[in-house]
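Quick notes on the structure that follows.
We use all heavy atoms of the structure for the numbers below, so side chains are in, but hydrogens, waters and symmetry mates are not. Given the structure is predicted, the values throughout are model-derived calculations rather than measurements. So you know, we letter chains A, B, ... as the sequences are listed, proteins then strands, and number each from 1.
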Amino acid sequence: MLLRVPGLGVRAVDSVVASRRHRRLRLDDVARLTGSIARVRPFIVAADWRPTLLTDRADLRALLAPRSEQLELFAA
Amino acid sequence: MTALEALRPDGQVVVEMAEPDDFEAWRERARALVQGGVPPERVSWIEAGASGSLFAAAGGLSVPDVRAPWVRASRRFVELAESAILHSDPHRFALLYRLLWRLQDTPRLLDDPADRDVRRIGELVRSVRRDMHKMRAFVRFRAAVEPDGCERFVAWFEPEHHILRANAGFFVRRFAGMRWSILTPRGSLHWDGDVLAEGPPAQRADAPGGDPDEELWRRYYASIFNPARLKVGAMLKEMPRKYWKNMPETALIPGLVAGAQARESAMVEAGAIEFGERPTSLKGIDEAIHACRRCPIGLLDNRAVMGEGPRKAALMIVGEQPGDQEDVAGRPFVGPAGRVLDAHLEKAGIARDRAYLTNAVKHFKFVPRGKRRLHQSPTAKEIDVCRWWLESERAIVRPKLLLALGASAARGLLGKTVSIARVRGRPLALDDGSELWVTVHPSYLLRLRDEAKGEQERMFQADLRAVARRLAELGSG
């Protein structure tokens, strides 16, 4: 299930699983294991974190997905 | 003495490490402190030379309590600590002590990758390992002559961490038979063939500025630089700029990078098949194609078949490649397809002996099947390679009209593949002002049966007649 969370890759999930054997993770523990905690935050519950309203926001995708960018058409 | 210890009035224990990379000294002190029950917050670790007057009132080393429990540390921690202590971070001793302290209560602490201290020690170890690797790659020795006349290789290097001693074994094994010195701002190593000696910190000026072999090395570096594979980002990742100033070849890099684009496009231009000087006579081409091995066809058991006909022919007929019989006879269009062509040429009123007949590919391409050699079509690449010879022939004969038989011949003349059905029956202008007519190859007629054969023969005949008419026009005009 963890692998389906946007923003958690194989390495981060391996680390999370290994750490959970020792203790409950807090949000800043997860932040240390991932590239961008902002992307992961709406989809996880940690010891000190609960994404109450964030998950149901209509513009959630706009907040997280990388912005599309028009590339230069006539670059040299 | 490798470490000094002092107890300040506020209860803070201050440990001064004499050597920045001495793991054993740290281990001994840390063990005593853990046994003495001194928590990490109460210990300050400093490197020698960081502060002078601290030990005016030195208290001496704390003696561990013999009844204290044994200090435990996993083998993995010892391995990591041995490496991490080489890092230049001044907080590394404190970090290691904090980890050791916590390991007493949590023996499996190192298995928790989310822990701040565990992550930090991992970063230190990685950074040290990378620096050691880079030192092995980027130390550049320069020859110097000793007072006794022997040669000594001296290198100046600026490592980021305290890795000189840890890396010494590598250089001793690698250059055991030479005398060398590695000078760094933190110390130096000297190898005389038998004994490794340590020296004081050095300066860049202590190392020789250059040596005559460096020019050779620079030329080698420039010659292995491949402009078509330029990846500046990857190069900078593997060869960070901070190491550049002590490497002779790096002075070339900006020029090589800047010129890469031009060199690459020049290579692409040259890649358009260019064999050098064109032969100036048909005889010259004949000799040259016999020696041509520029495509795999030339390596088969066959011989080159040169075109034949008058040197000033107005019409050049280009076929695909010699067949089995042409290869044996050494003349073009003498096999079954050649006989079909002869018959049609005669009917259309074109004299074969007044036209120049040749092939797009000069060698017979085949696969052996028992005693027979089965024809195989040449690939586009092979046609393009052979185009050089065809163009050389055209440059000498200068025909006003060219007739391409089949798609291979059309490619050999146009340089691109065209659909015969689309271009047949009308002239195409070529670069040198001549006209190209395209039709099917006579061997195609041989493969057809019945109605289709009759139909295609009529169309072939019509194409030939059109060529004959055009030839008459050009001849009179």
Side-chain angles (χ1 to χ4, degrees), chain A residues 1-55 60 63-76, chain B residues 40 72-77 79-81 84 87 89 91-92 94-96 98-127 129-130 227-228 230-233 237 254 257-266 268-269:
Chain A
M1 283 308 282
L2 277 174
L3 271 173
R4 296 176 63 174
V5 176
L8 288 186
V10 179
R11 274 176 59 172
V13 168
D14 282 345
S15 304
V16 168
V17 170
S19 287
R20 273 179 171 179
R21 288 177 195 278
H22 301 278
R23 60 209 168 87
R24 271 195 87 188
L25 296 188
R26 307 172 69 81
L27 195 64
D28 60 340
D29 292 325
V30 183
R32 239 173 269 134
L33 300 175
T34 60
S36 158
I37 188 66
R39 283 188 68 196
V40 188
R41 217 157 34 184
F43 310 108
I44 60 167
V45 172
D48 58 345
W49 169 256
R50 202 157 283 279
T52 45
L53 294 176
L54 194 54
T55 313
L60 183 60
L63 282 178
L64 301 178
R67 288 212 181 170
S68 54
E69 184 191 353
Q70 171 70 59
L71 294 178
E72 180 91 38
L73 275 177
F74 302 103
Chain B
R72 291 179 303 177
S74 62
R75 181 189 296 266
R76 179 139 166 264
F77 172 75
E79 283 168 6
L80 290 175
H87 201 279
D89 180 2
H91 304 302
R92 63 188 182 283
L95 170 76
L96 294 176
R98 195 160 60 239
L99 272 169
L100 182 66
W101 180 264
R102 293 176 61 198
L103 273 171
Q104 306 310 310
D105 295 332
T106 334
R108 321 241 8 185
L109 176 65
L110 290 179
D111 295 338
D112 178 3
D115 187 86
R116 199 185 295 267
D117 291 339
V118 174
R119 278 194 92 71
R120 180 67 188 146
I121 194 175
E123 285 167 17
L124 297 188
V125 169
R126 268 196 302 282
S127 177
R129 189 167 53 215
R130 184 175 161 84
L230 178 67
K231 285 189 168 42
V232 178
K237 198 173 155 218
V257 170
Q261 180 115 47
R263 275 179 68 195
E264 190 194 354
S265 38
V268 171
E269 295 269 309

Value for CZ (Arg23(A)) from CG (Asp115(B)), rounded to nearest 0.5 Å, stands at 5.5 Å
| task | Check for a donor-acceptor pair, side chain of Arg119(B) on one end and backbone N or O of Arg32(A) on the other, with a separation under 3.5 Å. | result |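 Yes, Arg119(B) side chain to Arg32(A) backbone: donor-acceptor pair under 3.5 Å.
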Please check if the number of heavy atoms outside Glu123(B) that lie under 6.0 Å from its CD is greater than 12.
yes
Listed by number, the residues in residues 104-114 of chain B that come under 4.5 Å of chain A (heavy atom to heavy atom) are Arg108(B), Asp111(B), Asp112(B), Pro113(B), Ala114(B)
Open item on the list: Any carboxylate oxygen within less than 4.0 angstrom of a Lys/Arg side-chain nitrogen, looking at Asp29(A) and Arg116(B)?
Closed with: no
Bottom line for Asp28(A): the part with an atom under 4.5 Å from chain B's heavy atoms is side chain
